[in-house]
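Working notes for the structure below.
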Number of protein chains: 2
Amino acid sequence: MSDEVFHPAIEDLPLSKVLAALADPARLAIVRAVAVADPDDGLACTLLPEQAGLRLSKSTMSHHQRILRECGITRTRIVGSRRTLRLRREELDRRFPGLIAATLAAPAEPVGTSARRPAASA
Amino acid sequence: MSDEVFHPAIEDLPLSKVLAALADPARLAIVRAVAVADPDDGLACTLLPEQAGLRLSKSTMSHHQRILRECGITRTRIVGSRRTLRLRREELDRRFPGLIAATLAAPAEPVGTSARRPAASA
DNA sequence: AGATGAGTTCGATAGATATCGAACCCTTCG
DNA sequence: CGAAGGGTTCGATATCTATCGAACTCATCT
């Protein structure tokens with residue numbers, strides 16, 4: 001279990017934190033993409049823009065991945081120079097039974113809905 | 001169904017909005033309190049501070065109630081000079097199966113955890 | 001009518017947070 | 001070694017939002 005990056009213990013996670021992490025269309029898209037990936041292999045971050053249908057800068061993607069990780073939703077594994085994401089399914093199901101299932105079962109929404117778009121400046 | 005206040009149609013609600021509405025400890029407390037109230041009578045707003053264990057100003061309470069209402073989670077009914085809240089259970093279950101159940105089943109967290117406390121100024 | 005009680009609305013404030021580009025760190029590959 | 005690929009971190013920016021008190025509205029009660 002030697003983590004190279006920080007992962008919180010599931011028991012420490014308040015529901016509101018987890019909901020807040022999920023309450024962003026971009027992160028929902030990421031979670032959906034990770035959820036359909038092979039649970040053992042995980043999903044390579046490189047594939048996220050494509051798999052999740054996101055057109056965000058590298059730094060913003062990194063930001064979202066960090067939120068998901070620090071809120072206990074995903075686990076990041078480092079493989080050489082790249083990283084893969086996987087859902088912490090069992091753990092989440094243990095602490096918040098039904099929450100992930102309900103989230104994934106809900107109708108998907110187009111990314112961009114209700115997001116904080118930064119005013120597409122000149 | 002003549003509403004005196006605005007209530008969105010369930011079909012219009014993106015998941016992220018609903019999650020955002022739930023992602024606040026104070027609002028979670030409100031939802032829990034409303035959920036245990038009689039579904040027909042609803043919960044009188046006056047009782048919220050007591051039932052939900054919240055010490056917030058009137059205006060802040062009003063704000064949270066508005067968010068919950070506008071995000072389709074509660075329905076506000078006006079009775080004379082006071083109002084009651086009820087969960088839009090069936091509707092929510094229809095659009096987001098399992099979500100409310102999972103939310104209510106999750107371990108309750110102390111209000112004040114991870115909330116935006118405004119610096120308790122001098 | 002006047003006072004009281006229940007809530008909303010407004011304006012201000014402090015603190016998140018979503019987004020980006022630039023600079024930076026590793027690992028891999030030529 | 002040097003370049004390229006994959007990600008993180010930093011700083012800036014704009015927006016959002018949780019909170020409060022004060023002023024207001026409407027219904028009820030005396």
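- The structure places CD1 of A/Ile10 at 7.5 Å from CZ of A/Arg95, a figure rounded to the nearest 0.5 Å.
- Nucleotide D/dG6 holds its C1' atom 7 Å from the NZ atom of A/Lys58, rounded to whole Å.
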List the steps, then state whether side chain to side chain donor-acceptor pair (under 3.5 Å) holds for A/Ser62 with A/Ser59.
-> CA-CA 5 Å; A/Ser62 185; A/Ser59 44; over 6 Å; no
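- For the pair B/Glu70 CD and D/dC16 P, the computed distance is 14 Å after rounding to whole Å.
- Contact annotation: B/Thr60 side-chain N/O to D/dA18 OP1/OP2 distance is not under 4.0 Å.
- For B/Arg66, a side-chain nitrogen or oxygen approaches OP1 or OP2 of C/dT9 to under 4.0 Å.
- To the nearest angstrom, P of D/dT8 lies 16 Å from CZ of A/Phe6.
- Atom CZ of A/Arg27 is separated from atom C1' of C/dT19 by 12 Å (rounded to the nearest Å).
- Rounding to whole angstrom units, NE2 of residue B/His63 and P of C/dG11 are separated by 16 Å.
- For the pair A/Gln65 CD and D/dG6 C1', the computed distance is 11 Å after rounding to whole Å.
- Of all non-hydrogen atoms in A/Thr103 and A/Arg32, the two that sit nearest each other are O-NH1, 3.5 Å.
- Between A/Arg82 and C/dT28 there is no side-chain polar atom (N or O) within less than 4.0 angstrom of OP1 or OP2.
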Verify side chain to side chain contact (heavy atoms under 4.5 Å, CB included) between A/Leu15 and A/Leu99, making sure each step is shown before the conclusion.
-> CA-CA 10 Å; A/Leu15 176 60; A/Leu99 183 60; 4.0 Å; yes
Could you go step by step and tell me if B/Gln65 and B/Leu48 meet the side chain to side chain contact (heavy atoms under 4.5 Å, CB included) rule?
-> CA-CA 10 Å; B/Gln65 288 163 34; B/Leu48 267 181; 3.5 Å; yes
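- Salt-bridge annotation for B/Arg75 and B/Glu91: present, with a side-chain N of the basic residue lying under 4.0 Å from a carboxylate O of the acidic one.
- An OP1 or OP2 oxygen of C/dT8 is reached within less than 4.0 angstrom by a side-chain nitrogen or oxygen of B/Ser62.
- Nucleic acid contact for B/His64: sugar-phosphate only, since backbone atoms but no base atoms lie under 4.0 Å from a heavy atom of the residue.
- Distance A/Met61 CE to C/dG21 P: 15 Å, rounded to the nearest Å.
- If you chain together hydrophobic residues whose side chains sit under 4.5 Å apart, A/Leu47 and A/Met61 fall into the same group.
- Summarising the geometry, the separation between CG on A/Asp24 and C1' on D/dT17 is reported as 15 Å, rounded to the nearest angstrom.
- For DNA chain D, no neighbouring residue in residues 28-51 of chain B is found when judged by any heavy atom under 4.0 Å.
- Nearer to the 5' terminus of DNA chain C, by closest-nucleotide assignment, is the contact made by A/Ser57 (compared with the other of A/Ser57 and A/Ser81).
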